[in-house]
Amino acid sequence: MSCCLSCCASLTCGLCTSTASCISQKSARIGYCGLFGVSLVVSWILREVGAPLLEKFPWIGGTSDTNTTEWYQAQAVLRVSLGNFLFFGILALIMIGVKDQNDRRDSWHHGGWTAKIVIWLLLVVLAFFLPDAIILVYGFIAKIGAGLFLLIQVIILLDFTHTWNDAWVEKDEQKWYIALLAVSVGCYIAAFTVSGILFIWFNPSGYDCSLNIFFLVMTMILAFVFAIIALHPQVNGSLLPAAVVSLYCAYVCYTGLSSEPHDYECNGLNKSRAVSTGTLVLGMLTTVLSVLYSALRAGSSTTFLSPPSSPRLGGSKPLLEEAEEGKAKKEEKEARPVSYSYSFFHLIFALASMYSAMLLSGWTSTSESSDLIDVGWTSVWVRIGTEWVTAGLYIWSLLAPLLFPDREFV
């Protein structure tokens, strides 16, 4: 039996080493996404089955006899999130200032996967030996970090819509203008269609659902405001970004309303008491994919903290300096600037770790059923607040050049 266990352990270690060695320089970002995805799966599994195990740890909840199962589930999620946050946070600090691929830290970012996986495991395990006070503080900080992650999501969306619009306009062909108009009209139709469906789902007859009506009416008003401002003659705007942001706001409004408490009479989606396993799996997969995409796009974006461009070769130099700088010029030609900020890339994953913890723990609220993900009034107001921040940032991006003509906005 011991020989069999030794063989299994050896094969497992060999598999991990082989997997780590297969992560090349080009697939490093995919490797980090995979590791982050594994952390989300571990968080979900411990959320579902880890509460009885945590109750046996004397240093977790030992000072209180009234802790519920939901409290222990939130503890499991927060502790995995803390280990994940420390891993990516440490990498973010180490990678500060990496501008060239010749930097030794570039190889640390792309290689050493066996060591990094071991360190990640140790940090996650270490988090389960920390006292409750540290986890309590981390839970508060995680709310702020999750809010920052949502804010970055919004900025990336605005950057993406403007880049998309500029790319099609620069083609300067009629078919691309027609495509712009078609996509813009389609997004607006979809946005108002979604809003109309939400009126049916979240405003059932016989109940006072004024709060839901306010949220939905505000969403539709914002869509009109986006179009009016973007098409104003004095504003250098376009209909495509306005339409995409309108559709996104409608989607965020839906996620906010669907997060309303399980027993709230105005939430037409949660009339059934039973939540199927398939629904939970689908919701978790959607969460994993959305967080992974946001973190990957944010970390790869050139909008935030992008590294400086390639070193420029100097023009004419005095004759006395040419001999001294000959070697320097040769080294400059061989310089290979990094394509994105490694530090910011890891920072995004650290913030995404906080955000995913808030989703799985209901923003550390234990008043809702433990069978539900991202449900509660805290989640509702976070979503609606995100929608309004999105609207404010988009309107500002349109009006800022008009209000401050002497400043340059990129």
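For reference, positions follow the sequence shown, starting with 1.
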Practice item. Any chance you could lay out the side-chain contact (heavy atoms from CB on, under 4.5 Å) test for Leu123 and Leu86, step after step, and finish with the verdict? Key: CA-CA 7 Å; Leu123 289 174; Leu86 291 176; 4.2 Å; yes
Review point. Between Asn212 (side chain) and Phe202 (backbone), is there a donor-acceptor pair under 3.5 Å?
Key: yes
Check your understanding: Are Phe88 and Trp120 close enough that their ring centers fall under 6.0 Å?
Key -> no
Point to revise | Any side-chain donor near an acceptor of the partner, Trp59 and Asp132, under 3.5 Å | key: no
Review point. Hey, are the side chains of Ile384 and Glu387 touching, using non-hydrogen atoms and a 4.5 Å cut-off?
Key: yes
Exercise for review: Can you see which heavy atom on Gln75 is nearest to which on Ile60, and at what distance?
Suggested key: OE1-CG2, 4.3 Å
Check your understanding: Going from SG on Cys266 to CG on Asp208, what distance comes out if it is rounded to the nearest 0.5 angstrom?
Key -> 7.0 Å
Review point. Do Cys249 and Thr390 have side-chain heavy atoms sitting under 4.5 Å apart?
Key: yes
Review point. Which atoms form the tightest heavy-atom contact between Gly31 and Trp113, and what is the distance?
Key: C-CH2, 3.6 Å
**Study point:** Criterion side-chain contact (heavy atoms from CB on, under 4.5 Å) on Phe192 and Met220, from CA distance to verdict
**Key:** CA-CA 7 Å; Phe192 285 109; Met220 300 181 73; 3.6 Å; yes
Check your understanding: Is the shortest heavy-atom distance from the side chain of Val245 to the side chain of Leu158 under 4.5 Å?
Key -> yes
Practice item. State whether the side chain of Tyr188 and the backbone N or O of Ala223 hold a donor-acceptor pair below 3.5 Å, judged by distance alone. Key: yes
**Study point:** Pair Phe345 + Phe349: ring centers closer than 6.0 Å
**Key:** yes
Review point. How far apart are the closest heavy atoms of Ser43 and Val77, and which atoms are they?
Key: O-CG2, 3.9 Å
Point to revise | Worked check of side-chain contact (heavy atoms from CB on, under 4.5 Å) between Tyr32 and His109 | key: CA-CA 10 Å; Tyr32 287 114; His109 173 74; 3.6 Å; yes
Revision key, fill the gap. When rounded to the nearest 0.5 Å, the distance separating CZ of Phe85 from OG of Ser356 is 12.0 Å
Check your understanding: Are His346 and Phe87 near enough that their ring centres are under 6.0 Å apart?
Key -> no
Review point. Distance from Ile90 atom CD1 to Met95 atom CE, nearest 0.5 Å?
Key: 11.5 Å
Practice item. Check whether any side-chain N or O of Arg383 sits under 3.5 Å from a backbone N or O of Thr255 as a donor-acceptor pair, and report yes or no. Key: no
Revision key, fill the gap. By salt bridge (charged side-chain N to carboxylate O under 4.0 Å, His left out), Asp166 pairs with (sequence neighbours left out) none
Review point. Backbone N or O of Leu240 within a donor-acceptor pair of the Ser184 side chain at under 3.5 Å?
Key: yes
Exercise for review: Taking all non-hydrogen atoms of both residues into account, name the closest pair between Leu216 and Cys253 and its distance.
Suggested key: CD2-SG, 3.8 Å
Point to revise | Residue pair Val244 / Leu157, side-chain heavy-atom distance below 4.5 Å | key: yes
Review point. Considering all heavy atoms of both residues, which atom of Val124 and which atom of Asn84 are nearest to each other, and what is their separation?
Key: CG2-N, 4.3 Å
Exercise for review: Decide yes or no for Ile229 and Ile395: does some side-chain heavy atom of the first lie under 4.5 Å from some side-chain heavy atom of the second?
Suggested key: yes
Review point. Should we count OH of Tyr177 as having more than 12 external heavy atoms under 6.0 Å?
Key: yes
Exercise for review: Answer with yes or no after comparing the ring centroid distance for Trp168 and Trp164 against a 6.0 Å cut-off, counting only values under it.
Suggested key: yes
Check your understanding: Can you find a pair of side-chain heavy atoms, one from Leu239 and one from Leu180, that are under 4.5 Å apart?
Key -> no
Practice item. Determine, stepwise, if the pair Tyr355 / Leu351 fulfils side-chain contact (heavy atoms from CB on, under 4.5 Å). Key: CA-CA 6 Å; Tyr355 175 66; Leu351 295 178; over 6 Å; no
Review point. Do Tyr394 and Phe226 have ring centres separated by under 6.0 Å?
Key: yes
Exercise for review: Check whether any side-chain N or O of Gln73 sits under 3.5 Å from a backbone N or O of Arg47 as a donor-acceptor pair, and report yes or no.
Suggested key: yes
Review point. Minimum heavy-atom separation for Thr219 to Ser195, with atom names?
Key: CG2-OG, 4.3 Å
Check your understanding: So how far is it from Tyr264 OH to Cys209 SG, rounded to the nearest 0.5 Å?
Key -> 5.5 Å
Practice item. Starting at CG of Asn203, measure out to CG of Leu257 and round the result to the nearest 0.5 Å. Key: 10.5 Å
Check your understanding: Nearest 0.5 Å, what's the CD1-CZ distance between Ile135 and Arg79?
Key -> 4.0 Å
Check your understanding: Taking side chain as C-beta onward, heavy atoms only, is Phe149 less than 4.5 Å from Ile152?
Key -> no
Point to revise | Tyr138 and Ser81 side chains, donor-acceptor separation under 3.5 Å | key: yes
Check your understanding: Parallel, tilted or perpendicular: which describes the rings of Tyr251 and Tyr254, with under 30° parallel and over 60° perpendicular?
Key -> tilted
Exercise for review: For Lys99 and Tyr342, test the side chains for any donor-to-acceptor distance below 3.5 angstrom and give the result as yes or no.
Suggested key: no
